[in-house]
Every structure is written in C-alpha cells, then in structure tokens.
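Notes to accompany the following structure.
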Amino acid sequence: MSSQDLVAGSLSRADHEVLFHTVINTAVDGIIVIDEAGGMLLFNRAAEILFGYTPEEVLGRNISMLMPEPYRLHHNGYIQRYMATGEKRIIGIGREVTAQRKDGSTFPMYLSVGEDHVGGVRVFLGILHDLTDRTSRERDFQELQNELLHALRLTAMGQLTSALAHELNQPLTAVMNYLNAARRTLDGGGEQAIGRVREFMDKAVSQTQRAGQIIRRLRNFIEKRDSDRLPEDLNSCVEEAIALGLVGATDRDVKITTELADDLPPVVIDRIQLQQVMINLMRNAFEALENADVRQIVIRTQRPAPDFVQVSVADSGPGIPPEIMPNLFIPFSTTKSKGLGMGLTICKAIVEAHNGRIWVAARREGGAEFAFRLPVVEVTEA
Ligand code: ADP
C-alpha cells in the first residue's frame, strides 16, 4: 500500500484539499507552479516572503518577472526550447540561480523544477530554496554590533578622561614622593637608611602596581574585541565596573555602598558587555546626583531565586523625569544637554541578548533604582 492510499483512505476529499493547502503554505521553501507559457498558477506563502509579492500581484503573470535581466528576457525561450527539443537544463536536475525581489534586489536560490500534467495541461513546479548566506549576514550584524558597542565604550571613557587622569596621577605622585624620600634617606646615611629605603621602595612598587591596574582595566574595557561569553564571577565584574564607572565620585562627596551577595553562582556572560551596562547605570546615577543634597549610590548583587541573579544600582537623586519615563529604553531619549540618549537602549539590548531583563523602579526614599536579571546557567566542565 502506498502512502497516498493511506492518506486517501483516511481523509475525505475536502480534507484532502485542506491538507494540500496546508502543506503548500507551511512549506519552508518557496513553491511556484507555472503553465507551459510561463504563467504563474500557484505562489505559496514562502514565495511571498522570498519575493515580497502577494499572490494577487503575480498569479497569471509570467514567471520571468521574478528574474533579473538577462534571464528575464530569455526565459520564455528556455521553455520553448525545452518543449521543442526535450533537452533538460534544469528540470529534474535543479541548480543555483539568481532571483529578483519586488524591490529589485536579487538573491541566490537553489531551484529544482518538476514537470507533470494536471487536467491535460502541462505544468512545471518549482521549489525555491533561499541561499542567501544567513550565517554571513549574522556575522556582519554581529561585527556591526561589536563596532557600535566599542564606539560607545570609547565615548563613555572619553567622558571620564579627566577623572581617570586624576585617578592615575595619585599613585604616580605617591611614587615620586616615595622615591624622593628614599633619596633623602640615602643622602642622610646612617645605619637604618637601608631598611627605610627598602620600605619606601616597597611602597613605590605597590603604587606603581595600582597605576598599572587602572591602565589595564581601562585597556581591557576599551579594547576592540569579538563578543565572548564565559562563566564569570559577577561580583568581581561589578567591582571592576565601579573602579571605572565611578572614578572621581568620592571627590564629589558621593558615598558609594556595595552590598554584594556571597552565594552567587558563576554566570555565563560577555564580561566587557555587562560591565558596559553597569558603567552606564553607574554614570547615570552619578550624573543624577549633581544637584542632590544627599549623594548616595548603592550597588547590590543578589540571587532572588535559584534560577537568576540580579544587579541593581540605586541613587538618591531626583528620580526619573516623568516625561521621559515611557521612552526610557528607546534610542535618543535624553534630558541631558550633552546626552546621546543611547545608554539605556544599549543596556537593554545587551541584557536581553543574555536572555535577561532590565527595569527601573522609583525608590520610596527618593531617587531611581535600575536593576537587571540574568539567568543562571548550569556550568559543566565541558
Ligand atoms: P543619556 O544618559 O545619554 O541621556 P540614557 O539612555 O543613559 O542616555 O538615559 C536617558 C535618560 O534617562 C537620561 O537623560 C535621564 O533623563 C534619565 N535617567 C537615566 N538614569 C537616571 C537616573 N539614575 N536618575 C534620573 N534620571 C535618569
């Protein structure tokens, strides 16, 4: 018994017709049927998506409208030659061809053509498989996204240049002071000089390390790089982000409090991208405190449920201006004269790309609290 008998045996004629339409319209590949003059008789849903035409726009018209020149011009000739000679160039064989969408753009597809008779009329059925290299498109998109994120990191750090220069100057000044003190001690001579000089040297070394650490963090953060997700310790990620994002905050009398949970599992994240989110939130909090009487930022990590971890940045500023609230995470929404209005949009995109969620809440005691959640993924050795 053939599969056709099985289907026919269990379905009514009407059901059969429904099944036929379902199959045609749920097919992932484009399906087009033409008559021997090239007139289109059937144009399925996948073909609509591929070409951008509705069936009404194409049915009855010549298939050549879906081809770019010079094929468009010659297609009728191809059919006629096949009918005259029986020479198969594509029918029953299939090959890669170029097709043209309604908007004039072209794309590669694999076309296989079958032939049959329906009600005494010869018909050709084409199956069209889109060959546009999706992976390469995705790669292009990913690269573009990385470029954009990189540009925004550079912008963010550009805004922090003077604070960072100040931060670097502190250990360098200390190194100079220790070295001067060491020289004076050596000049003075005496029995204890060597021991004192060693002490000064040790202190100079540790200050040099501090300066090196600031530069290393900065370099890691602004380096151009591909996206990379690894199991990371969220708290150390937050601490590094604070060192960059809240640089200079204590000089402006901003009190920074951290409450980092110690039971957090590793999270699989792109560390730099997530730090970009944290730094954006921290800079916004810092900027919101400019004219505030109480200047406090609280940064918290926690695991509110077994399957996710949460980071929040709360400030004692004026809270979110009501006029911006509905568009907060939409590009170019800003109340700052020099604001880009891209920060929160980028935060949302990065968090959602990590299957997380970001939101803002008003604090009872005044100010805004931004928080985001990330799913906890079991990290296996593999
Ligand atoms: P930008 O900082 O360039 O304006 P964002 O997307 O980061 O862009 O922020 C958009 C707007 O949201 C800000 O202009 C500000 O009005 C508001 N905003 C963001 N964070 C805070 C905050 N912590 N307190 C008050 N308002 C905030």
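All ligand and atom numbering here is 1-based and tracks the order in the structure.
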Worksheet item: Are any of the heavy atoms in Phe370 under 4.0 Å away from ligand 1?
Response: yes
Worksheet item: Which option, Asn284, Leu328, Thr155, Asn327, owns the non-hydrogen atom nearest atom 17 (C) of ligand 1?
Response: Leu328
Item to complete: Pull out every atom of ligand 1 sitting under 4.0 Å from any heavy atom of Gly343, numbered as shown with elements.
Response: 5 (P), 6 (O), 7 (O), 8 (O)
Practice prompt. Using distance alone, decide if ligand 1 has a nitrogen or oxygen within less than 3.5 Å of any nitrogen or oxygen in Leu344.
Written response: yes
Discussion item. Show me which atoms of ligand 1 lie under 4.0 Å from any heavy atom of Pro321.
Written reply: 16 (O), 26 (N)
Worksheet item: Any N or O on Ile324 sitting closer than 3.5 Å to an N or O of ligand 1?
Response: no
Item to complete: Can you establish whether the number of heavy atoms outside Arg122 located under 6.0 Å from its atom CZ is more than 12?
Response: yes
Discussion item. Suppose we measure from atom 27 (C) of ligand 1 to each protein heavy atom; which comes out shortest, and what is that distance?
Written reply: Ile320 CD1, 3.5 Å
Practice prompt. Check the surroundings of atom CZ in Arg101: do more than 12 heavy atoms from other residues, nucleotides or ligands lie under 6.0 Å from it?
Written response: yes
Worksheet item: If you look at every heavy atom in Asp270 and Asp228, which pair is closest and at what distance?
Response: OD2-N, 2.9 Å
Worksheet entry | From OG1 (Thr98) to CG (Leu111), nearest 0.5 Å | 11.0 Å
Item to complete: May I ask you to check if ligand 1 and Glu287 share an N or O to N or O distance below 3.5 Å?
Response: no
Practice prompt. Provide the number and element of each atom of ligand 1 under 4.0 Å from a heavy atom of Leu340.
Written response: 3 (O)
Item to complete: Give the contacting part of Leu281 toward ligand 1: side chain, backbone, both or neither, where contact means a heavy-atom distance below 4.0 Å.
Response: neither
Worksheet item: So is there a nitrogen or oxygen of Thr334 less than 3.5 Å from a nitrogen or oxygen in ligand 1?
Response: yes
Worksheet item: Between the side chains of Lys203 and Asn177, does any donor sit under 3.5 Å from an acceptor?
Response: no
Worksheet item: Looking only at side chains, do Asn180 and Arg183 share a donor and an acceptor under 3.5 Å apart?
Response: yes
Practice prompt. Could you tell me which non-hydrogen atom of Leu234 sits nearest to which non-hydrogen atom of Met278, and how far apart they are?
Written response: CD1-CE, 4.2 Å
Worksheet, complete the sentence: Ranked by distance from atom 16 (O) of ligand 1, the top protein heavy atom is Thr335 OG1, 2.4 Å
Discussion item. I want to confirm something. Looking only at heavy atoms, which of Cys347, Gly319, Ala362, Pro331 is nearest to atom 25 (C) of ligand 1?
Written reply: Gly319
Item to complete: Please state whether Ser333 comes within less than 4.0 angstrom of ligand 1, counting heavy atoms only.
Response: yes
Fill in: Atoms in ligand 1 flagged as close to Gly339, the criterion being non-hydrogen separation under 4.0 Å
3 (O)
Practice prompt. For the residue pair Phe370 and Phe329, categorise the inter-ring angle as parallel (less than 30°), tilted (30 to 60°) or perpendicular (more than 60°).
Written response: perpendicular
Fill in: Protein contact to atom 24 (N) of ligand 1 [nearest heavy atom, distance to 0.1 Å]
Ala288 CB, 3.5 Å
Discussion item. Looking only at protein heavy atoms, which one is nearest to atom 23 (N) of ligand 1, and what is the separation?
Written reply: Asp315 OD2, 2.8 Å
Item to complete: Can you measure from OG1 (Thr208) to CG (Leu179) and round to the nearest 0.5 angstrom?
Response: 7.5 Å
Response to the item:
The protein heavy atom nearest to atom 8 (O) of ligand 1 is Gly341 CA, 3.2 Å
Item to complete: Compute whether any side-chain donor of one residue and acceptor of the other, for Gln275 and Arg153, lie under 3.5 angstrom apart.
Response: no
Worksheet entry | Taking atom 2 (O) of ligand 1 as the reference point, the nearest protein heavy atom with its distance | Lys336 NZ, 2.7 Å
Worksheet item: Do the charged groups of Glu290 and Arg295 touch, with an N to O distance under 4.0 Å?
Response: no
Fill in: Distance flag, aromatic centroids of Phe372 and Phe308, threshold under 6.0 Å
no
Discussion item. Heavy atoms only, cut-off 4.0 Å: how does Pro318 contact ligand 1, side chain, backbone, both, or neither?
Written reply: neither
